[in-house]
Amino acid sequence: HRSVHIWLVNIRGELLVQKRSAYKDTNPNMLDVSAAGHVTAGDGSLETAVKEVSEELGLEVEAEVVESGYICTLPSSARGETVDHGAYECNEFQDIFLLKAPPALTSVDDLAVGK
């Protein structure tokens with residue numbers, strides 16, 4: 001399946017990352033990409049990336065801006081086990097985007113999402 005990973009870089013050149021919820025069944029409390037999500041059937045990578053940045057970070061970004069930040073598509077494979085769902089194997093193609101964060105955004109702490 002396909003996914004999108006959107007990395008935001010601030011004006012100091014630092015990547016903005018999120019800490020995963022303690023309640024996630026995979027990799028709880030670990031640092032993660034700025035925003036990410038799976039591409040659902042009928043959707044494309046661009047619209048998924050725009051949607052994920054809005055949902056996860058509360059930022060509105062135009063599809064053209066996201067498209068200009070496209071870096072590459074990478075294959076990814078992960079295996080593990082969760083308490084709730086047992087063993088899993090995840091194989092995906094990740095579309096990677098690198099976007100400049102708005103100038104006022106220097107940390108994910110500046111975001112009002114979930115507050």
Side-chain angles (χ1 to χ4, degrees):
H1 64 279
R2 190 166 222 95
S3 68
V4 296
H5 285 210
I6 306 97
W7 293 90
L8 290 181
V9 62
N10 67 17
I11 58 174
R12 296 188 304 251
E14 301 165 326
L15 286 174
L16 302 179
V17 296
Q18 292 190 59
K19 184 175 179 183
R20 292 173 63 86
S21 167
Y23 303 103
K24 291 296 253 183
D25 59 350
T26 56
N27 305 308
N29 292 316
M30 301 294 288
L31 296 180
D32 204 355
V33 62
S34 305
H38 291 102
V39 178
T40 57
D43 287 347
S45 290
L46 285 179
E47 60 192 311
T48 300
V50 168
K51 177 182 74 171
E52 293 299 337
V53 168
S54 176
E55 288 178 359
E56 295 187 19
L57 304 176
L59 299 173
E60 300 305 321
V61 29
E62 299 294 325
E64 296 79 21
V65 172
V66 174
E67 186 173 31
S68 70
Y70 173 77
I71 301 293
C72 64
T73 299
L74 297 173
S76 174
S77 182
R79 292 181 182 164
E81 190 168 331
T82 70
V83 173
D84 292 335
H85 303 290
Y88 70 88
E89 181 174 355
C90 180
N91 297 301
E92 62 187 21
F93 289 98
Q94 300 171 345
D95 292 332
I96 311 296
F97 300 88
L98 180 63
L99 304 179
K100 292 180 183 176
L105 180 63
T106 58
S107 163
V108 289
D109 293 334
D110 296 334
L111 296 168
V113 177
K115 293 184 180 176

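- Here salt bridge (charged side-chain N to carboxylate O under 4.0 Å, His left out) pairs that include residues 67-89, with residues two or more places apart or in two chains, are R79-E89.
- Every side-chain contact (heavy atoms from CB on, under 4.5 Å) that S76 has, sequence neighbours left out, goes to E92, Q94.
- When all heavy atoms are compared, the tightest approach of E60 to S54 is OE2-OG, 2.9 Å.
- Under a cut-off of 6.0 angstrom, the local environment of CZ in F93 is sparse, with at most 12 non-hydrogen atoms contributed by other residues, nucleotides or ligands.
- A side chain to side chain contact (heavy atoms under 4.5 Å, CB included) with P102 holds for exactly one of L8, I11, L59; it is L59.
- Within the model, atoms CD1 of I96 and OG1 of T73 stand 7.5 Å from one another, a figure rounded to the nearest 0.5 Å.
- Going from atom NE2 of H38 over to atom OG1 of T40 covers 11.0 Å, rounded to the nearest 0.5 Å.
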- Task: Could you please spell out the steps behind the side-chain contact (heavy atoms from CB on, under 4.5 Å) verdict for S34 and E56?
- Result: CA-CA 8 Å; S34 305; E56 295 187 19; over 6 Å; no

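- Of all the heavy atoms in G42 and E47, the pair that sits closest is O-OE2, 4.1 Å.
- Closest non-hydrogen pair, A101 versus N10, comes out as CB-CA, 4.2 Å.
- For the pair F97 and V66, the tightest heavy-atom approach, listed with the atom from each and the gap, is CD2-O, 3.2 Å.
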- Query: After noting the C-alpha distance and the side-chain angles of D95 and T48, does the key distance pass the side-chain contact (heavy atoms from CB on, under 4.5 Å) rule?
  - Reply: CA-CA 10 Å; D95 292 332; T48 300; over 6 Å; no

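- With values rounded to the nearest 0.5 angstrom, Y70 atom OH is found 13.5 Å from L98 atom CG.
- Between L57 and Q18, the shortest heavy-atom distance links the atoms CD2-NE2, 3.9 Å.
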- Task: I would like to know whether L46 and V4 meet side-chain contact (heavy atoms from CB on, under 4.5 Å); could you show each step before the answer?
- Result: CA-CA 8 Å; L46 285 179; V4 296; over 6 Å; no

For residues 21-30, run the donor-acceptor check on the side chains, cut-off 3.5 Å, and write out each pair with its distance to 0.1 Å, sequence neighbours left out.
{"from": "S21", "atom 1": "OG", "to": "Y23", "atom 2": "N", "distance (Å)": "2.9"}
{"from": "T26", "atom 1": "OG1", "to": "R20", "atom 2": "NH2", "distance (Å)": "3.1"}

